[in-house]
2 protein chains.
Amino acid sequence: MTLRADSARVRARMLAAARARLEAGDLELPMNAVAKDAGVGVGTMYRHFAGRQALLEALAEESFRDLVGEARAAAVEPDIGAGLSRLIRATLRRQLTDPALAGVLASGEVEYAELGGLLSALMGAAREVLARARAEGVVRADVTPDDLRRLTCGIRYAVVSGGDAGEAALDRYLEILMRGIRPVG
Amino acid sequence: MTLRADSARVRARMLAAARARLEAGDLELPMNAVAKDAGVGVGTMYRHFAGRQALLEALAEESFRDLVGEARAAAVEPDIGAGLSRLIRATLRRQLTDPALAGVLASGEVEYAELGGLLSALMGAAREVLARARAEGVVRADVTPDDLRRLTCGIRYAVVSGGDAGEAALDRYLEILMRGIRPVG
DNA sequence: ACCTGAACACCGTTCAAGT
DNA sequence: ACCTGAACACCGTTCAAGT
């Protein structure tokens with residue numbers, strides 16, 4: 001019991017150190033450096049997280065949970081056009097806020113069991129949104145949940161890519177994406 | 001003279017080794033490893049290329065030159081709608097073919113003087129295409145050459161991101177982008 | 001002039017040794 | 001059980017020493 005508490009505290013220290021590094025702009029998140037920041041041995045990092053990817057996933061968990069919540073809310077919006085817009089906007093905003101989440105979504109896979117459930121839930125909610133949107137004729141019939149994942153990752157990349165003047169472009173790119181996925185008719 | 005020939009041969013060997021690695025799927029392009037493959041000392045790599053970025057740029061030069069050619073051709077197409085489509089399609093296709101070019105375009109900057117000229121030329125051609133397209137009302141008025149750079153980088157990222165099933169998505173994503181940048185009216 | 005490769009500072013990952 | 005940190009294999013980059 002006291003061992004468990006200890007372990008949990010150590011784990012929290014590592015996550016805090018990692019988060020601090022991310023916020024300081026270090027997207028590399030070196031295991032050695034995080035361990036040092038957290039005041040633990042490197043081995044302890046690996047005991048808790050299988051590797052850098054697992055660490056990223058653990059960091060992304062909270063954002064991811066919030067995102068799933070928003071996706072579910074989007075799926076039950078009365079106006080599904082607004083729902084779709086909300087889903088895409090939320091996915092994009094979260095990615096820009098949390099680089100760890102962006103990494104997980106871009107990889108499209110998940111090592112950590114906890115996140116697997118969240119990813120499925122997100123894709124499931126996206127499927128519902130798309131099904132309703134398609135029925136109402138507000139989205140192209142060939143757009144899949146995975147397309148939304150890829151495309152939002154792409155827009156994030158576009159916003160971030162090259163220079164910092166990109167933040168201002170976010171709303172325009174969002175609009176371009178939203179208009180681009182409208183039905184062809 | 002003979003020294004120059006020697007140097008040129010060495011340089012060619014390094015570029016060939018780098019290209020071979022890229023084609024083998026190693027996007028990291030470690031300087032040490034490339035040097036070894038090319039049978040030269042690491043120092044020689046650094047004498048010819050300031051760093052990894054410079055090496056990437058040298059590798060991208062040929063593709064980039066071709067791309068500029070296509071962009072200029074697009075700028076003088078009789079039907080500027082087709083010209084715009086051609087510009088975007090070419091930029092995207094080249095990026096998917098040549099990871100080095102994709103890297104340079106995504107960074108949006110250039111260290112190597114040769115490439116600087118090509119980047120300016122590309123952006124200039126894009127500006128012409130957009131000016132004509134805007135005049136004809138086939139594109140949103142607020143789309144800039146840099147937006148096209150960012151957005152094509154983003155679409156490439158979307159195509160590549162997570163899993164290999166993405167190649168099939170290319171045409172659809174292109175269509176989504178093309179439709180998304182149409183005038184709002 | 002140009003090239004070589006040892007050397008230094010890192011980073012990922014493992015594992016014997018400690019508590 | 002859990003943690004530590006030395007150790008190994010890498011990679012970027014520099015620079016004294018060779019030709």
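In what follows, every chain begins at residue 1, and chains take the letters A, B, ... in the order their sequences are listed. Computed over heavy atoms, backbone and side chain alike; hydrogens, waters and symmetry mates excluded.
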Salt bridge (Lys or Arg N to Asp or Glu O under 4.0 Å) involving Arg21(A) - partner list, sequence neighbours excluded: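 For Arg21(A) the salt bridge (Lys or Arg N to Asp or Glu O under 4.0 Å) partners, ignoring immediate neighbours, are Asp26(A), Asp37(A).
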Atom CZ of Arg127(B): over 12 foreign heavy atoms under 6.0 Å: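 Not more than 12 within 6.0 Å, no.
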OP1 or OP2 of dC2(C) under 4.0 Å from side-chain N/O of His48(B):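 No, His48(B) has no side-chain N/O under 4.0 Å of OP1/OP2 on dC2(C).
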Qualifying side-chain hydrogen bond (donor to acceptor under 3.5 Å, both in side chains) pairs with a residue from residues 67-82 of chain A, counting only residues at least two apart or across chains: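 Applying side-chain hydrogen bond (donor to acceptor under 3.5 Å, both in side chains) to every pair that reaches into residues 67-82 of chain A, excluding sequence neighbours, yields Glu77(A)-Arg86(A).
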For residues 175-185 of chain B, which side-chain N or O atoms pair as donor and acceptor with protein atoms under 3.5 Å away, sequence neighbours left out?
{"from": "Glu175(B)", "atom 1": "OE2", "to": "Arg140(A)", "atom 2": "NH1", "distance (Å)": "3.4"}
{"from": "Arg179(B)", "atom 1": "NH2", "to": "Val184(A)", "atom 2": "O", "distance (Å)": "3.4"}

Residue pair Glu61(B), Arg65(B): steps toward the salt bridge (Lys or Arg N to Asp or Glu O under 4.0 Å) verdict: CA-CA 6 Å; Glu61(B) 188 177 343; Arg65(B) 206 172 294 280; 2.5 Å; yes
Nearest-Å distance for atom pair CZ/C1', residues Arg11(A) and dC3(D):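 Nearest whole value for this atom pair: 16 Å.
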Heavy-atom closest contact (Arg172(A) atom, Val143(B) atom, distance):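 Nearest heavy atoms, Arg172(A) then Val143(B): NH2-CA, 4.4 Å.
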Distance-only polar pair, side chains of Asp66(A) and Ser63(A), donor-acceptor under 3.5 Å: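 There is no such pair (donor and acceptor under 3.5 Å, judged by atom type) between the side chains of Asp66(A) and Ser63(A).
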Hydrophobic cluster of Val110(A), others only, ordered by chain and residue number, side-chain cut-off 4.5 Å: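 ILVMFWY cluster around Val110(A) also holds Phe64(A), Leu67(A), Val68(A), Leu101(A), Val104(A), Leu105(A), Tyr112(A), Leu115(A), Leu118(A), Leu119(A), Leu122(A), Met123(A).
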Nearest listed nucleotide, side chain of Val10(B), among dC2(D), dC3(C), dT4(C):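 Nearest to the side chain of Val10(B) among the choices is dC3(C).
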Heavy-atom protein contacts under 4.0 Å, nucleotides 9-16 of chain C, coded B base, S sugar-phosphate only, - none: --SBBBB-
Consecutive-pair stems (at least three Watson-Crick or G-U pairs, under 3.5 Å) that include DNA chain C: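 Stem list for DNA chain C: C:4-8 with D:12-16, C:12-16 with D:4-8.
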